S.K.: 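After the structure tokens below, expect a handful of questions from me.
In each ligand, atom 1 is the first atom listed, and ligand 1 is the first ligand listed. This structure is a prediction, so every number in the text was calculated from the model and none was measured.
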Amino acid sequence: MQLPRNVIAGPGAIESVGPICKTMRLKGRALIVTGNTTKHIAGDAVAESLKRSGYDVGFIVVEDATVKSVQKARKAAREMKADFLLGVGGGKSIDIAKLASTQLDLNFISVPTAASHDGIASSRASIIQNGRSVSRQAEAPLCVIADTDIIMKSPYRLLAAGCGDIISNYTAVLDWRLAARLRNVYISEYSAALSEMTARMVIDYAHQIKPGLEESVRLVVKALVSSSVAMSIAGSSAPASGSEHKFSHMLDQIAPKPALHGEQCGVGTIMMTYLHGGDWQRIRDALKTIGAPTTAKELGIGEKYIIEALMKAHKVRPERYTILGDKDLPYDAAVNIARTTKVIE
Ligand SMILES: NC(=O)C1=CN([C@@H]2O[C@H](COP(=O)(O)OP(=O)(O)OC[C@H]3O[C@@H](n4cnc5c(N)ncnc54)[C@H](OP(=O)(O)O)[C@@H]3O)[C@@H](O)[C@H]2O)C=CC1
Ligand SMILES: O=C(CO)COP(=O)(O)O
Ligand SMILES: [Zn+2]
């Protein structure tokens, strides 16, 4: 069970990255893995804080969560003889830093700039390998430093996407329990209960999640950390990734312009709740209240891609059994699911 030693969340936390690394007894040279946008939003400030504390700093900008980007980060770390890495940005940057540092046997600090996904504290990395999403075991961050000012100033759409990623735990756990009964898959009841609780919290408090509210950011960041911890307890992404994630990963493969990860997972949760015979309207209402997408139109994805992704989603991570089973859904069944749940017209 790999958990971060410290989670620091609050306004202006980014200014303390250098001193925090000192208290964590990290030495020497730091490599920052960041994105084109987030380098200016937070990467540069992290570098300044590290330099003020006496660290040498290098940068690597990544644009996708592929194996190639991991290799790019490893090469940069080797060339600058990095002593530790920091992932500063969204899920992509954090996952690349997470896996590269694991493979280099170096420490890693997670500095999320948005509350858009629940990988900020997890020991998992979701990497694109040969065009497909693969869930890789990695080391949990030594420390998570979440500057709530920066997260609050990020586009609200990212916070809403993070809520979608947490609400998706609802069907992920239903699938995990189904796989335990049907395929005798190991399930950690503690991890499942923690993951379910995070989804329930966001659903029950959906009316309190609004743009520009520090409390909303705090609630969602805590839920994202809890969801990460549930994955670390399970040693797998199963408590947070089921049929709804298969749907999202398949959309990433076939849609001309995929939406945000959490947005796609939220819409997937509506439809998979329906398949599980659950209260899909409650899921849909919570997402709507938060301002997250609930339809193909709001995702900006053509209806035909929604249907195709539903039909083929079972092919993603076939070793993970879910309500989707292990065969393509018939076209008419997929249309019925998407239409009944109002995802398509
Ligand atoms: N390992 C795990 O346990 C998990 C991993 N994931 C993975 O995380 C990824 C999804 O994360 P997500 O964050 O949605 O995707 P991205 O990392 O692609 O971030 C989405 C966009 O938001 C931008 N952004 C981030 N922060 C800010 C900010 N403060 N202001 C303005 N723009 C900002 C990013 O900028 P920039 O271009 O600079 O990066 C990027 O363009 C997927 O790859 C998913 O598989 C998701 C859940 C769990
Ligand atoms: O997105 C995740 C959890 O929210 C990680 O799941 P995957 O293992 O499906 O990439
Ligand atoms: Zn996710």
S.K.: Compare every heavy atom of I94 with every heavy atom of S110, then report the nearest pair and how far apart it is.
M.R.: OG-CD1, 3.6 Å
S.K.: Of all residues at least two apart in sequence or in a different chain, which pass the side-chain contact (heavy atoms from CB on, under 4.5 Å) check with E214?
M.R.: P11, T148, M152, R218
S.K.: Vertex the Zn ion (ligand 3): angle to OD1 of D165 and NE2 of H245, to 10°?
M.R.: 90°
S.K.: Between R282 and D204, is there a salt bridge with N-O shorter than 4.0 Å?
M.R.: yes
S.K.: Would you kindly confirm whether W176 and I283 end up in one hydrophobic cluster when ILVMFWY residues are joined by side chain heavy atoms under 4.5 Å apart?
M.R.: no
S.K.: With sequence neighbours left out, what residues match H276 under side-chain contact (heavy atoms from CB on, under 4.5 Å)?
M.R.: T171, L174, D175, L178, I323
S.K.: Salt bridge or not for K312 and E308, using N-O below 4.0 Å?
M.R.: yes
S.K.: Measure from every N or O atom of ligand 2 to the protein's N or O atoms and keep only the pairs below 3.5 Å, writing each with atom names and distance to 0.1 Å.
M.R.:
{"unit_1": "ligand 2", "atom_1": "1 (O)", "unit_2": "H245", "atom_2": "NE2", "d": "3.0"}
{"unit_1": "ligand 2", "atom_1": "1 (O)", "unit_2": "H261", "atom_2": "NE2", "d": "3.0"}
{"unit_1": "ligand 2", "atom_1": "4 (O)", "unit_2": "D118", "atom_2": "OD1", "d": "2.5"}
{"unit_1": "ligand 2", "atom_1": "4 (O)", "unit_2": "D118", "atom_2": "OD2", "d": "3.2"}
{"unit_1": "ligand 2", "atom_1": "4 (O)", "unit_2": "D165", "atom_2": "OD1", "d": "3.0"}
{"unit_1": "ligand 2", "atom_1": "4 (O)", "unit_2": "D165", "atom_2": "OD2", "d": "3.3"}
{"unit_1": "ligand 2", "atom_1": "4 (O)", "unit_2": "H245", "atom_2": "NE2", "d": "3.1"}
{"unit_1": "ligand 2", "atom_1": "8 (O)", "unit_2": "S135", "atom_2": "OG", "d": "3.0"}
{"unit_1": "ligand 2", "atom_1": "8 (O)", "unit_2": "S237", "atom_2": "OG", "d": "2.6"}
{"unit_1": "ligand 2", "atom_1": "8 (O)", "unit_2": "R317", "atom_2": "NH1", "d": "2.9"}
{"unit_1": "ligand 2", "atom_1": "9 (O)", "unit_2": "S241", "atom_2": "OG", "d": "2.6"}
{"unit_1": "ligand 2", "atom_1": "9 (O)", "unit_2": "H249", "atom_2": "NE2", "d": "2.8"}
{"unit_1": "ligand 2", "atom_1": "9 (O)", "unit_2": "R317", "atom_2": "NH1", "d": "2.6"}
{"unit_1": "ligand 2", "atom_1": "10 (O)", "unit_2": "S126", "atom_2": "OG", "d": "2.6"}
{"unit_1": "ligand 2", "atom_1": "10 (O)", "unit_2": "H249", "atom_2": "NE2", "d": "3.4"}

S.K.: Enumerate the pairs of nitrogen or oxygen atoms, one from ligand 1 and one from the protein, separated by less than 3.5 angstrom; state names and distance to 0.1 Å.
M.R.:
{"unit_1": "ligand 1", "atom_1": "1 (N)", "unit_2": "D95", "atom_2": "OD1", "d": "2.8"}
{"unit_1": "ligand 1", "atom_1": "1 (N)", "unit_2": "D95", "atom_2": "OD2", "d": "3.2"}
{"unit_1": "ligand 1", "atom_1": "1 (N)", "unit_2": "R124", "atom_2": "O", "d": "2.7"}
{"unit_1": "ligand 1", "atom_1": "3 (O)", "unit_2": "S122", "atom_2": "OG", "d": "2.9"}
{"unit_1": "ligand 1", "atom_1": "11 (O)", "unit_2": "G91", "atom_2": "N", "d": "3.3"}
{"unit_1": "ligand 1", "atom_1": "13 (O)", "unit_2": "G91", "atom_2": "N", "d": "2.9"}
{"unit_1": "ligand 1", "atom_1": "13 (O)", "unit_2": "S116", "atom_2": "OG", "d": "2.6"}
{"unit_1": "ligand 1", "atom_1": "17 (O)", "unit_2": "G91", "atom_2": "N", "d": "3.0"}
{"unit_1": "ligand 1", "atom_1": "17 (O)", "unit_2": "K92", "atom_2": "N", "d": "2.9"}
{"unit_1": "ligand 1", "atom_1": "18 (O)", "unit_2": "K92", "atom_2": "NZ", "d": "2.7"}
{"unit_1": "ligand 1", "atom_1": "26 (N)", "unit_2": "T113", "atom_2": "OG1", "d": "2.7"}
{"unit_1": "ligand 1", "atom_1": "29 (N)", "unit_2": "T113", "atom_2": "O", "d": "2.8"}
{"unit_1": "ligand 1", "atom_1": "38 (O)", "unit_2": "N36", "atom_2": "N", "d": "3.3"}
{"unit_1": "ligand 1", "atom_1": "38 (O)", "unit_2": "T37", "atom_2": "N", "d": "2.9"}
{"unit_1": "ligand 1", "atom_1": "38 (O)", "unit_2": "T38", "atom_2": "N", "d": "2.8"}
{"unit_1": "ligand 1", "atom_1": "38 (O)", "unit_2": "T38", "atom_2": "OG1", "d": "2.8"}

S.K.: Decide, counting backbone as well as side-chain atoms, whether H261 has an N, O or S atom less than 2.8 Å from the Zn ion (ligand 3).
M.R.: yes
S.K.: Determine whether the side chains of S237 and R320 contain a donor N or O and an acceptor N or O closer than 3.5 Å.
M.R.: yes
S.K.: Could you tell me whether the Zn ion (ligand 3) has an N, O or S atom of C265 under 2.8 Å away?
M.R.: no
S.K.: Between D95 and K98, is there a side-chain N and carboxylate O pair less than 4.0 Å apart?
M.R.: yes
S.K.: Closest heavy-atom contact between L31 and A82?
M.R.: CB-CB, 4.1 Å
S.K.: For R52, is there an ion pair with E15 - N to carboxylate O distance below 4.0 angstrom?
M.R.: yes
S.K.: Tell me whether S232 contacts the main-chain N or O of S123 through its side chain, where contact means a donor paired with an acceptor under 3.5 Å.
M.R.: yes
